[in-house]
Amino acid sequence: MGVESSAEECRAAKQASLPVIQGYFGPGLRLEQQFSSFMTFQVFEHLTDLYSVLDYAFEVLEPGGAGLINVPNGQRIVEENLYHQVIAEHINYFTPESLAKMAKCSGFELIEIDAVRETVELDLYIRKPAPRAATMDQTRQCQQHALHEQLAGCRCIAVWGAGGKALIYSSLLSEDLPVAHLFDSNADKAGKYIGNLPVPVEPVSPQALQESDAVLIFASAYNTEIIKTLRQQLHYPGKIVYFEDPDVKSC
């Protein structure tokens, strides 16, 4: 659905079979449906009443829905003396901070701000908060249950990753899961221990992999790289279990 104030542009859109409403976006539209997303390009620098537009966008957006607001990058225009970017029709100029603050004042969550250098613009990605599906503790319990299902029946488990997340992930393991190896690519950690695991850190080796029914990855930021190393370089044929928030997966 498009909203456009120009009658001429609306006619062109309708000739192209595009759904469009002639008018100004705001409560006066009385839209009867909710949308999963919205986007505006080069609009907010022209508005005299920013919040009536943004508040109405929040109202017609579904919980969890996202928005994109594109405006000129006022901060860069000032800092780099880009006088040719100062347009008489523009009554607002934004910095990343002021753009984010505007969205927050209407209840949105910030996803990301991109500075587009080629066009001297800012892209603000925002989201309408949605009710949380589960608490952290519920998610943790679900991951613990899924982890034990994935590793059921394994006689020898190797863990890969002895970094900061390892202490948290290892607390999900019960004593009946037979962890026999703890790998890490950092040679300085060799021979050392982490909490909840009874084995010292060691470098990965073909012999240790041959003994292992499954490799459990704790270094979740490097899932792709570790899986590729196991399959393509080390030719490991066994089960690989890894965390991909909020899920526990295997391959």
Side-chain angles (χ1 to χ4, degrees), residues 1-132 220-225 244-245:
M1 176 64 69
V3 178
E4 170 58 54
S5 59
S6 166
E8 182 178 350
E9 296 296 339
C10 281
R11 282 195 296 271
K14 289 178 179 177
Q15 287 174 0
S17 301
L18 298 173
V20 62
I21 299 173
Q22 183 181 352
Y24 292 93
F25 187 85
L29 283 182
R30 295 185 174 85
L31 295 173
E32 296 181 354
Q33 66 183 104
Q34 285 197 304
F35 296 84
S36 60
S37 62
F38 76 90
M39 55 186 177
T40 72
F41 291 89
Q42 303 289 300
V43 172
F44 274 75
E45 64 271 25
H46 297 277
L47 299 178
T48 56
D49 189 355
L50 300 169
Y51 288 105
S52 68
V53 173
L54 202 53
D55 289 348
Y56 191 60
F58 187 91
E59 181 181 332
V60 300
L61 201 61
E62 298 172 353
L68 164 60
I69 298 175
N70 167 275
V71 294
N73 187 341
Q75 178 170 305
R76 187 175 159 217
I77 289 170
V78 172
E79 290 178 347
E80 300 184 15
N81 298 322
L82 303 178
Y83 64 90
H84 58 283
Q85 294 284 352
V86 180
I87 309 300
E89 290 82 3
H90 294 175
I91 59 176
N92 306 303
Y93 279 96
F94 299 91
T95 67
E97 183 178 2
S98 67
L99 193 61
K101 185 174 182 180
M102 177 188 72
K104 293 283 286 185
C105 285
S106 288
F108 286 99
E109 296 175 341
L110 176 66
I111 300 174
E112 186 176 349
I113 301 177
D114 285 340
V116 186
R117 184 159 189 85
E118 294 82 1
T119 56
V120 197
E121 294 172 358
L122 294 170
D123 286 340
L124 173 71
Y125 296 89
I126 52 180
R127 175 172 48 225
K128 182 175 180 176
R132 292 176 60 188
S220 54
Y222 303 98
N223 284 335
T224 302
E225 292 88 343
E244 191 172 279
D245 293 336

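In plain terms, the two heavy atoms of Ile77 and Pro72 that are nearest each other are CD1-CB, 4.4 Å. When all heavy atoms of Gly107 and Pro129 are compared, the pair lying nearest together is O-CD, 3.4 Å. Closest approach of Pro63 and Ala130 over heavy atoms only: C-CB, 3.8 Å. Contact detail for Ser36 and Leu61: the closest heavy-atom pair is C-CD1, 3.8 Å. The minimum heavy-atom distance linking Glu4 with Ser6 is given by the pair OE2-N, 2.9 Å. Nearest heavy-atom pair, Ala66 versus Ile111, reported as atom, atom and distance to 0.1 Å: CB-CD1, 4.4 Å.
For Glu80 (side chain) and Leu82 (main-chain N/O), no donor-acceptor pair under 3.5 Å exists by modelled atom type. With hydrogens and angles disregarded, no donor-acceptor distance shorter than 3.5 Å links the side chain of Lys128 to the backbone of Gly64. Remark: side-chain polar atoms of Asp114 are not paired, donor with acceptor, to backbone N or O of Val116 under 3.5 angstrom.
Atom CD1 of Ile21 and atom SG of Cys10 lie 9.0 Å apart (nearest 0.5 Å).
Contact check for Tyr125 versus Ile113: no side-chain heavy atoms found under the 4.5 Å cut-off. For the pair Leu110 and Leu124, the minimum side-chain heavy-atom distance is below 4.5 Å.
Listed by first and then second residue, the side-chain hydrogen bond (donor to acceptor under 3.5 Å, both in side chains) pairs that reach into residues 59-69 come to none, sequence neighbours excluded. Listed by first then second residue, pairs satisfying side-chain hydrogen bond (donor to acceptor under 3.5 Å, both in side chains) with a partner in residues 11-34 number zero, not counting sequence neighbours. Within the structure, every pair that satisfies the side-chain hydrogen bond (donor to acceptor under 3.5 Å, both in side chains) test and touches residues 37-54, not counting sequence neighbours, is listed here: Gln42-Asn70, Gln42-Glu121, Asp49-Ser52.
Scored by the ring pair (Phe, Tyr, Trp, His ring centres under 6.0 Å) test, Tyr56 finds Phe25 as partners (sequence neighbours excluded). Legend: residues meeting ring pair (Phe, Tyr, Trp, His ring centres under 6.0 Å) with Phe58, ordered by chain and number and at least two apart, are Phe108.
When the shell of 6.0 Å around CE of Met1 is examined, it contains more than 12 heavy atoms from other residues, nucleotides or ligands.
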For Leu29 and Val3: C-alpha separation, side-chain torsions, deciding distance, then whether side chain to side chain contact (heavy atoms under 4.5 Å, CB included) applies.
CA-CA 9 Å; Leu29 283 182; Val3 178; 3.8 Å; yes

From CA spacing to verdict: side chain to side chain contact (heavy atoms under 4.5 Å, CB included), Ile69, Ile126:
CA-CA 8 Å; Ile69 298 175; Ile126 52 180; 4.0 Å; yes

For a quick test of your reading: what N or O donor-acceptor pairs under 3.5 Å do the side chains of residues 91-104 make, sequence neighbours left out?
| unit_1 | atom_1 | unit_2 | atom_2 | d |
| --- | --- | --- | --- | --- |
| Asn92 | ND2 | Phe44 | O | 2.9 |
| Asn92 | ND2 | Leu47 | O | 2.7 |
| Tyr93 | OH | Gln85 | O | 3.1 |
| Tyr93 | OH | Ile87 | N | 2.9 |
| Tyr93 | OH | His90 | ND1 | 3.0 |
| Thr95 | OG1 | Glu97 | N | 3.4 |
| Thr95 | OG1 | Ser98 | N | 3.0 |
| Thr95 | OG1 | Ser98 | OG | 3.3 |
| Ser98 | OG | Thr95 | N | 2.9 |
| Ser98 | OG | Thr95 | O | 3.2 |

